*Asks:* 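Below are the structure tokens for one structure; questions will follow.
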Protein chains: 2
Amino acid sequence: MPSLTEQIECWLKEQLIRSRENILEIKRSELAQEFDCVPSQVNYVLETRFTVERGYLVQSRRGGRGFIRIIKLQMDLPEQLQLLRDSIGASISQGQAENILLHLAEEGLLNRREKRVLQAAISRDNLKVALPLRDMIRARLLKAMLLALLGE
Amino acid sequence: MPSLTEQIECWLKEQLIRSRENILEIKRSELAQEFDCVPSQVNYVLETRFTVERGYLVQSRRGGRGFIRIIKLQMDLPEQLQLLRDSIGASISQGQAENILLHLAEEGLLNRREKRVLQAAISRDNLKVALPLRDMIRARLLKAMLLALLGE
DNA sequence: CGGACTTTGACCTTTCCTGACCTTCATATA
DNA sequence: TATATGAAGGTCAGGAAAGGTCAAAGTCCG
């Protein structure tokens with residue numbers, strides 16, 4: 001018997017596929033009711049199964065007419081992305097990061113404008129945070145930005 | 001179904017576009033009647049959706065012949081950049097930053113890819129730093145990225 | 001047994017919408 | 001002219017309806 005988390009994960013992916021779209025909008029409380037669990041269980045599923053790393057974007061709004069939106073990123077370059085994720089890891093230096101950008105630019109996956117933006121975001125002068133932390137923030141940002149870019 | 005706020009927001013923007021001008025004048029009470037809501041709802045929409053960050057100016061007059069005037073700001077790049085630098089300051093919330101991105105995207109200064117990248121870089125989920133610092137890092141990154149993008 | 005993963009629930013924050021009450025202004029009128 | 005009046009718009013607090021957070025408790029598996 002699959003765990004609750006897996007059931008919800010499956011159901012959401014099913015909906016995503018069935019709707020033939022890459023966007024799914026749900027109500028947290030309704031979904032929770034459907035699976036007879038607490039609403040925060042939905043957050044757990046989203047946090048562990050629908051991460052940027054796995055190719056999903058999650059947006060939400062609170063309050064009246066609130067919602068949760070799950071967006072499946074189209075990854076036409078899965079192996080490249082996998083490679084990127086691996087080479088970035090949990091922490092990365094500015095030099096390493098710049099090498100990656102260079103490489104991607106050479107491959108034509110990044111235009112000049114885009115490269116400049118990424119470059120700005122990973123620069124130590126702009127991050128201005130002390131060192132163990134800085135490389136970790138840079139890694140997270142770089143991964144998220146590249147996924148946003150390359151995942152359709 | 002969109003929220004009342006969204007409906008009113010849409011209607012106003014529609015009018016702005018349709019009139020082919022950058023100025024729209026309305027009567028608060030009439031608009032409220034049209035949408036069957038209290039007049040202060042209109043203020044709510046104006047305060048949250050037609051801010052300077054999003055590129056709008058709102059003027060009004062009370063009393064007899066009172067009115068509300070919505071002006072869509074049209075500025076050239078250097079002006080925009082100056083305004084951006086000022087409004088970002090040394091620290092900025094995710095919401096404010098998103099308003100700016102929305103504004104720039106609407107102006108056509110940011111395409112969808114670019115907007116997604118910037119969005120990723122300012123997201124609290126990706127920054128993952130505690131709060132006073134997070135807003136400061138976001139401000140620095142946003143300024144640097146916009147400069148890289150628009151400053152040429 | 002111990003660590004990793006799940007599940008739960010109490011409490012928090014954000015967003016939207018309303019209504020009571022306040023301020024301002026053009027104009028009619030004394 | 002001075003003032004009264006009614007017709008605007010403005011403010012603010014409160015309530016309801018979402019979703020978010022976090023830590024404790026439970027489960028599973030090596």
Side-chain angles (χ1 to χ4, degrees), chain A residues 1-12 24-54 56-71 90, chain B residues 1-12 24-51 53-54 56-71 92-99 102 122-132 134-135:
Chain A
M1 163 95 147
S3 71
L4 223 195
T5 295
E6 284 166 334
Q7 289 176 50
I8 297 176
E9 174 188 7
C10 268
W11 188 86
L12 289 172
L24 175 60
E25 223 162 81
I26 57 163
K27 297 278 209 173
R28 189 180 74 151
S29 51
E30 283 178 12
L31 187 54
Q33 267 200 324
E34 202 143 328
F35 284 91
D36 196 30
C37 63
V38 292
S40 54
Q41 175 70 26
V42 175
N43 295 79
Y44 179 72
V45 176
L46 293 175
E47 278 157 27
T48 57
R49 308 297 205 267
F50 293 84
T51 61
V52 176
E53 303 254 324
R54 295 187 181 212
Y56 295 90
L57 233 54
V58 176
Q59 307 173 330
S60 68
R61 195 161 73 204
R62 305 186 185 185
R65 320 249 169 171
F67 61 81
I68 291 178
R69 183 156 45 217
I70 302 172
I71 302 170
Chain B
M1 174 150 89
S3 69
L4 223 197
T5 296
E6 284 167 333
Q7 289 177 50
I8 296 176
E9 173 189 7
C10 263
W11 188 86
L12 290 171
L24 175 61
E25 225 161 80
I26 57 164
K27 296 278 209 174
R28 190 180 75 150
S29 51
E30 282 178 12
L31 187 54
Q33 266 200 326
E34 200 144 329
F35 284 92
D36 195 30
C37 63
V38 293
S40 55
Q41 175 70 24
V42 175
N43 294 80
Y44 178 71
V45 176
L46 294 174
E47 280 157 24
T48 57
R49 307 296 208 264
F50 293 85
T51 61
E53 277 157 16
R54 294 190 183 210
Y56 296 90
L57 219 59
V58 176
Q59 306 173 330
S60 67
R61 194 162 72 204
R62 306 186 184 186
R65 316 227 169 181
F67 61 82
I68 291 177
R69 182 155 48 215
I70 301 173
I71 304 170
I92 190 172
S93 74
Q94 179 166 338
Q96 288 174 303
E98 281 168 351
N99 277 341
L102 222 61
I122 62 166
S123 150
R124 74 184 116 249
D125 295 333
N126 295 137
L127 286 168
K128 271 201 187 90
V129 177
L131 235 198
R134 186 169 74 225
D135 282 3

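Naming convention: chains lettered A, B, ... in sequence-line order (proteins, then strands); numbering from 1 in each chain. The shown structure was predicted, so the numbers you read here are calculated from the model rather than taken from an experiment.
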*Asks:* If you find the nucleotide of DNA chain D closest to B:Ser60 and the one closest to B:Arg124, which residue's nucleotide is nearer the 5' end?
*Replies:*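 Whichever sits nearer the 5' end wins; that is B:Ser60.
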
*Asks:* Over how many whole Å does the gap from A:Phe67 atom CZ to C:dT14 atom P extend?
*Replies:*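 That distance rounds to 16 Å.
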
*Asks:* If only side-chain N and O atoms of A:Arg61 are considered, is one of them under 4.0 Å from the OP1 or OP2 phosphate oxygen of D:dG20?
*Replies:*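 No, outside the criterion.
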
*Asks:* Less than 4.0 angstrom between a side-chain N/O of A:Lys27 and OP1 or OP2 of D:dG19, yes or no?
*Replies:*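 Checking A:Lys27 against D:dG19: no side-chain N or O falls below 4.0 Å of OP1 or OP2.
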
*Asks:* Can you identify which nucleotide, out of C:dC17, D:dG9, D:dG19, has its nearest atom closest to the A:Arg62 side chain?
*Replies:*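 Selected nucleotide: D:dG19.
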
*Asks:* Does atom CZ (B:Arg65) have a neighbourhood of more than 12 heavy atoms from anything else shown, all under 6.0 Å?
*Replies:*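 No, CZ of B:Arg65 has 12 or fewer neighbouring heavy atoms, counting only those of other groups under 6.0 Å.
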
*Asks:* Between residues 30-47 of chain B and DNA chain D, which residues have a heavy-atom gap below 4.0 Å?
*Replies:*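 The stretch gives B:Ser40, B:Asn43 as the residues lying under 4.0 Å from the strand, ordered by number.
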
*Asks:* State whether the side chain of B:Gln7 and the backbone N or O of B:Pro2 hold a donor-acceptor pair below 3.5 Å, judged by distance alone.
*Replies:*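 Yes.
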
*Asks:* Please determine if a side-chain N or O atom of A:Arg49 lies less than 4.0 Å away from the OP1 or OP2 oxygen of C:dT6.
*Replies:*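 A:Arg49 to C:dT6 OP1/OP2: side-chain N or O found under 4.0 Å.
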
*Asks:* For B:Gln94 and C:dT14, what is the distance between atoms CD and P respectively, to the nearest whole Å?
*Replies:*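 To the nearest whole Å, that distance equals 11 Å.
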
*Asks:* Could I get a table of every N or O pair under 3.5 Å where one atom is in the protein and the other is in nucleotides 27-30 of chain C?
*Replies:*
residue	atom	partner	partner atom	Å
C:dT27	OP1	B:Arg65	NE	3.2
C:dT27	OP1	B:Arg65	NH2	2.8

*Asks:* If we count only N and O atoms by modelled type, under 3.5 Å, do the side chains of B:Thr5 and B:Gln41 hold a donor and an acceptor together?
*Replies:*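 Yes, a side-chain donor-acceptor pair sits under 3.5 Å.
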
*Asks:* Can you name the nearest heavy-atom pair linking B:Ala32 to B:Pro39, along with the distance?
*Replies:*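 B:Ala32 and B:Pro39 have their closest heavy atoms at CB-CA, 3.7 Å.
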
*Asks:* Rounded to whole Å, how long is the line connecting atom CD1 of A:Ile68 with atom C1' of C:dT13?
*Replies:*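 So the CD1-C1' distance, A:Ile68 to C:dT13, works out to 15 Å.
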
*Asks:* Is there a side-chain contact between A:Cys37 and A:Ile8 in this structure, where contact means two heavy atoms from C-beta onward sitting under 4.5 Å apart?
*Replies:*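 Yes; the side chains approach each other to less than 4.5 Å.
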
*Asks:* From C-beta outward on B:Arg28, which listed nucleotide comes closest to its side chain: D:dG20, D:dT11, C:dC17?
*Replies:*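 From the listed options, D:dT11 comes nearest.
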
*Asks:* Write down the distance between CD (B:Gln7) and P (C:dC16), rounded to a whole number of angstrom.
*Replies:*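 In whole Å, C:dC16 P and B:Gln7 CD are 13 Å from each other.
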
*Asks:* Looking at A:Gln33, I want to see if its CD is surrounded by more than 12 non-hydrogen atoms of other residues, nucleotides or ligands under 6.0 Å.
*Replies:*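 No, not enclosed.
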
*Asks:* Measure from the side chain of B:Ser29, starting at C-beta and using heavy atoms only, and say which of D:dG9, C:dC17, D:dG19 lies closest.
*Replies:*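 Of all the options, the side chain of B:Ser29 is nearest to D:dG9.
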
*Asks:* OP1 or OP2 of D:dC28 versus the side-chain N and O atoms of A:Ser3: is any pair under 4.0 Å?
*Replies:*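 False: A:Ser3 side-chain N/O out of range (4.0 Å or more) of D:dC28 OP1/OP2.
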
*Asks:* What is the distance, rounded to the nearest whole Å, between atom CD of B:Glu98 and atom P of C:dT14?
*Replies:*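 The answer, rounded to whole Å, is 13 Å.
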
*Asks:* Grab the CD-C1' distance between B:Gln59 and C:dT24 for me, whole Å please.
*Replies:*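 Checked: the CD to C1' distance equals 16 Å.
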
*Asks:* State whether the side chain of B:Lys27 and the backbone N or O of B:Ile68 hold a donor-acceptor pair below 3.5 Å, judged by distance alone.
*Replies:*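 No, B:Lys27 side chain to B:Ile68 backbone: no donor-acceptor pair under 3.5 Å.
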
*Asks:* What pairs meet the salt bridge (charged side-chain N to carboxylate O under 4.0 Å, His left out) rule with one or both residues in residues 36-50 of chain B, with sequence neighbours excluded?
*Replies:*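 Every pair satisfying salt bridge (charged side-chain N to carboxylate O under 4.0 Å, His left out) with a residue in residues 36-50 of chain B: B:Glu9-B:Arg49.
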
*Asks:* Nearest 0.5 Å please: distance from the CD1 atom of B:Ile26 over to the CG atom of B:Leu46.
*Replies:*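 One gets 6.0 Å once the value is rounded to the nearest 0.5 Å.
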
